[in-house]
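Okay, structure first, notes after.
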Protein chains: 2
Amino acid sequence: MRKIRRHSEVPEATIHRLPRYLEKLKLLQAVGVEDVSSRQLAESLDIKASQLRHDFHYFGGFSRPGRPYQVGKLVPALEKIIGVSEPQPVAIIGAGHLGQALANYGNLDVQGFPVRGVFDANPRLVGLEISGQPVRDMDQLEDVIAREGIRIAILTVPAQHAQAVTERLVTCGIVGIVNFAPTDLKVPKTVAVRNERLVVGLMALSFKVKCILEGDCGAE
Amino acid sequence: MRKIRRHSEVPEATIHRLPRYLEKLKLLQAVGVEDVSSRQLAESLDIKASQLRHDFHYFGGFSRPGRPYQVGKLVPALEKIIGVSEPQPVAIIGAGHLGQALANYGNLDVQGFPVRGVFDANPRLVGLEISGQPVRDMDQLEDVIAREGIRIAILTVPAQHAQAVTERLVTCGIVGIVNFAPTDLKVPKTVAVRNERLVVGLMALSFKVKCILEGDCGAE
DNA sequence: GACGACCTGTCAACCGGTTGACACGTGATT
DNA sequence: AATCACGTGTCAACCGGTTGACAGGTCGTC
C-alpha cells in the first residue's frame, strides 16, 4: 500500500508502458473480465510478467498478495497515476492538414483528451469548422487556454514558427507540448516536450528494412 | 575504414539517433559548412560528443584521424547506412483524415520517401485526388506495390482492419510498416513495424505534466 | 622542428533497466 | 488440516547503453 513520493524516480521506460497497460486493461474491462494475472496481461502486451510487476511496484498496492489484479481497481488507479482520471483538455496549434486530422481524430476525446481549441495564423483557415469546433485566430490563444484551463498543447505549425509559438505557449501556462514540427524546441525545465517526428521514425524503419533485405539481421 | 558486417549489432538507441544526425548535417550542408567536429555536432543535438563518436564507430571510417568530420562525406555515408541514398517509395493505406494529411505532407518527398500510392476501401474516397495522386481502391494494392517496388507502407486504417490489411501487405512483399492504428500488429520476423501511437505519447506526457504540477519532479 | 590546440578512435567503468529467482499469501481440493 | 496450483512483492544478478578518459594523429604557429 506504500506510495512512492517522487514520481520522478519512475524510469522513463516504465512511464511509456503505463499507457499500454491502461489501454489493454480498458479493453479487458469492456469485455467484462474482472481479474487478470501479471502473466496474462504481460503476455498480451508481449513483455515479461516480472517487468510488469516491477513497473506496478513503483506505485504499490494494486492487489492483495496471492490474488490476481482486479481490472476494476487497476483501471482507475492507472488513470489517476497517468493523470487522466479527469478529462485533460488540449489545444491544437496549427490547423493545416495534420492539425485538422488530429482535431477530427475522435479517439482523443474518448481517451480523455478533448480538443478545446484549434488555432491558426492563416486567415483563410480561421472560422473554418472542424468537428464542431471553430478554428480560432492566434490572437485568441491566451484567452482560450486560460478560460478552458488547458495544460497540454499539440503543435502542428511549420518548423520555422515552432519556437516562437512555443514561447507563447509557455508564457500562458502550458506545461506539456506534443511537437510535430521537425525541430527541437527550447523550453524551461518546468515544461515537458514530446517530439513526434514522423521522418525520424521512417528512417529508423528504413534502416531496419535495409538490414532485413540485405539479410544481416536475425540469425544468418 | 573497417565496416561492421551485421547491422543487427547496432543498438536500437543508436539507430534512432542516426536520422537526427543526418537531419542536422543536411542543415549544416545547406548553410555551406564543410567541417564539423563531434563536439559541435553533439552539442547542437544535445547529446554527448563521446556518444556521437561511439555511434559513428559502429560504421567506422568517417574521417581521417585528427581531423573533424567532413559534412560532404558524412551526409551520403549516413544516407547509405539508413537506406535513403535512393528515394524509398512508400504507400499510404487508409485515406482518412490522417492518411490525407500524410499524403499532403511535403516533407516526406523531400526526405526521400515519395508517396507512390494511396489506398482506401471507402468508395467515396476512391478517385479523390490528393497532392496530384489518386486515391486507389484496395483491390489495386498488390499491383501498385509490385509495379512501384514499394517496400514501406504507412498504415492509417481503423484499428479493426489493421491486422487484415497488414497480412495483405506482408504477402505482397512489404518489409516495413509504420502503424498508426492503436493496435499491436502480428507480423513475421522478417517484417519491421514501427508503432506511432499518439495517445500513448499523450498519456506519457500527461504523466509528466502531473509530476510537474504536483512539484515532485526535478529538485524539490 | 618543437609545441600546443584540436581532433577522432577506442576502451573500460558506470548506470539504469530488465530479467530470473524466490519468499510468502490465498483459495480450492482432498 | 494438509496439499497444491497459482498469485504478487521484492531483490539481486545481469546486460546494454552511456559516459569519461586517453592514446595517437593532424595542423598552425613560433
Side-chain angles (χ1 to χ4, degrees), chain A residues 1-4 6-18 20-21 25 28 33-74 77-78 81 204 207-208 217, chain B residues 1-4 6-18 20-21 25 28 33-74 77-78 81 204 207-208 217:
Chain A
M1 202 58 79
R2 176 182 46 84
K3 268 263 169 77
I4 279 189
R6 314 189 64 244
H7 283 176
S8 46
E9 289 168 9
V10 179
E12 195 74 13
T14 296
I15 296 176
H16 286 280
R17 279 188 295 268
L18 294 179
R20 298 189 60 210
Y21 297 149
L25 283 165
L28 291 175
V33 177
E34 290 184 357
D35 292 343
V36 67
S37 72
S38 59
R39 185 175 320 179
Q40 291 170 306
L41 189 50
E43 259 171 27
S44 73
L45 286 164
D46 207 26
I47 61 173
K48 294 280 186 297
S50 56
Q51 176 153 86
L52 188 149
R53 292 202 300 273
H54 199 38
D55 283 344
F56 283 4
H57 181 226
Y58 282 104
F59 308 100
F62 280 159
S63 83
R64 279 186 284 285
R67 306 263 41 218
Y69 297 109
Q70 293 163 272
V71 179
K73 296 202 171 173
L74 217 42
L78 276 173
I81 290 168
F207 177 86
K208 289 183 195 166
C217 260
Chain B
M1 202 56 79
R2 175 184 46 83
K3 269 265 169 82
I4 278 189
R6 314 189 65 243
H7 283 174
S8 47
E9 288 169 8
V10 178
E12 196 73 14
T14 296
I15 296 177
H16 286 281
R17 278 189 295 268
L18 294 179
R20 298 189 59 209
Y21 297 149
L25 283 165
L28 291 175
V33 176
E34 289 184 357
D35 291 344
V36 66
S37 73
S38 59
R39 186 174 319 178
Q40 291 169 307
L41 189 52
E43 260 171 26
S44 74
L45 287 164
D46 206 28
I47 62 172
K48 296 280 186 295
S50 55
Q51 176 153 88
L52 188 150
R53 292 203 299 273
H54 198 37
D55 284 343
F56 283 3
H57 181 228
Y58 281 104
F59 309 101
F62 281 158
S63 82
R64 277 187 285 283
R67 305 264 41 217
Y69 297 110
Q70 294 163 273
V71 179
K73 296 203 171 171
L74 217 41
L78 276 173
I81 289 167
F207 177 86
K208 289 184 195 163
C217 258

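Side-chain atoms are counted along with the backbone in the values below, which use heavy atoms only and exclude waters and symmetry mates. Chain letters run A, B, ... following the sequence lines, proteins first and then strands; every chain starts at 1.
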When the nearest nucleotide of DNA chain C is assigned to Ser37(B) and to Leu52(A) on a heavy-atom basis, which residue is associated with the more 5' position? Ser37(B)

Looking at CD1 of Ile81(A) and CD1 of Ile15(A), how far apart are the two atoms once the value is rounded to the nearest 0.5 Å? 11.5 Å

Close side-chain approach of Tyr21(A) and Asp55(A), heavy atoms under 4.5 Å: yes

Using only heavy-atom distances, decide whether a donor-acceptor pair under 3.5 angstrom links the side-chain of Arg67(A) to the base of dG7(D). no

In terms of relative ring orientation, are His54(B) and His57(B) parallel, tilted or perpendicular, with 30° and 60° separating the classes? parallel

Mind calculating the distance between CZ (Arg39(B)) and P (dG20(D)) to the nearest angstrom? 12 Å

Would you classify Ser50(A) as touching base, sugar-phosphate or nothing, given that sugar-phosphate means primed atoms plus P, OP1 and OP2, and contacts are heavy atoms under 4.0 Å? base

What is the separation between atom CD on Glu34(B) and atom P on dC7(C), rounded to the nearest whole Å? 16 Å

Roughly how many Å is it from CG in Asp35(B) to C1' in dT8(C), rounded to a whole number? 13 Å

With no hydrogens and no angle check, is any side-chain donor or acceptor of Gln51(A) less than 3.5 Å from a backbone partner on Lys48(A)? no

Is His57(A) close enough to dG9(D) that one of its side-chain N or O atoms is under 4.0 Å from OP1 or OP2 there? no

Among dT18(C), dA21(D), dG17(D), which nucleotide has an atom closest to any side-chain atom of Ala13(A)? dT18(C)

Spacing of Leu74(A) atom CG relative to dG7(D) atom P, expressed in whole Å: 15 Å

So, OP1 or OP2 of dC6(D): does either fall under 4.0 Å of a side-chain N or O from Tyr69(A)? no

Nearest to the Arg53(B) side chain among dA21(D), dC7(C), dT10(D), which nucleotide is it? dA21(D)

Measure the distance from CG on Asp55(B) to P on dT10(C) and round it to the nearest whole Å. 14 Å

Is the distance from OP1 or OP2 of dT18(C) to the nearest side-chain N or O of Arg17(A) less than 4.0 Å? yes

First locate atom OH of Tyr69(A), then atom CG of Leu41(A), and finally report the distance between them rounded to the nearest 0.5 Å. 8.5 Å

Roughly, in whole Å, what's the span from CD1 in Ile47(A) to C1' in dT19(C)? 12 Å

Nucleotide of dG17(C), dT18(C), dT19(D) approaching Pro11(A) most closely (side-chain heavy atoms): dG17(C)

Between atom CG in Leu18(B) and atom P in dG17(D), what is the gap in whole Å? 13 Å

Which part of the nucleic acid, if any, lies within reach of Phe56(B) when heavy atoms closer than 4.0 Å are counted: base, sugar-phosphate only, or nothing? nothing

Rounded to whole Å, how long is the line connecting atom NE2 of His54(A) with atom P of dG9(D)? 13 Å

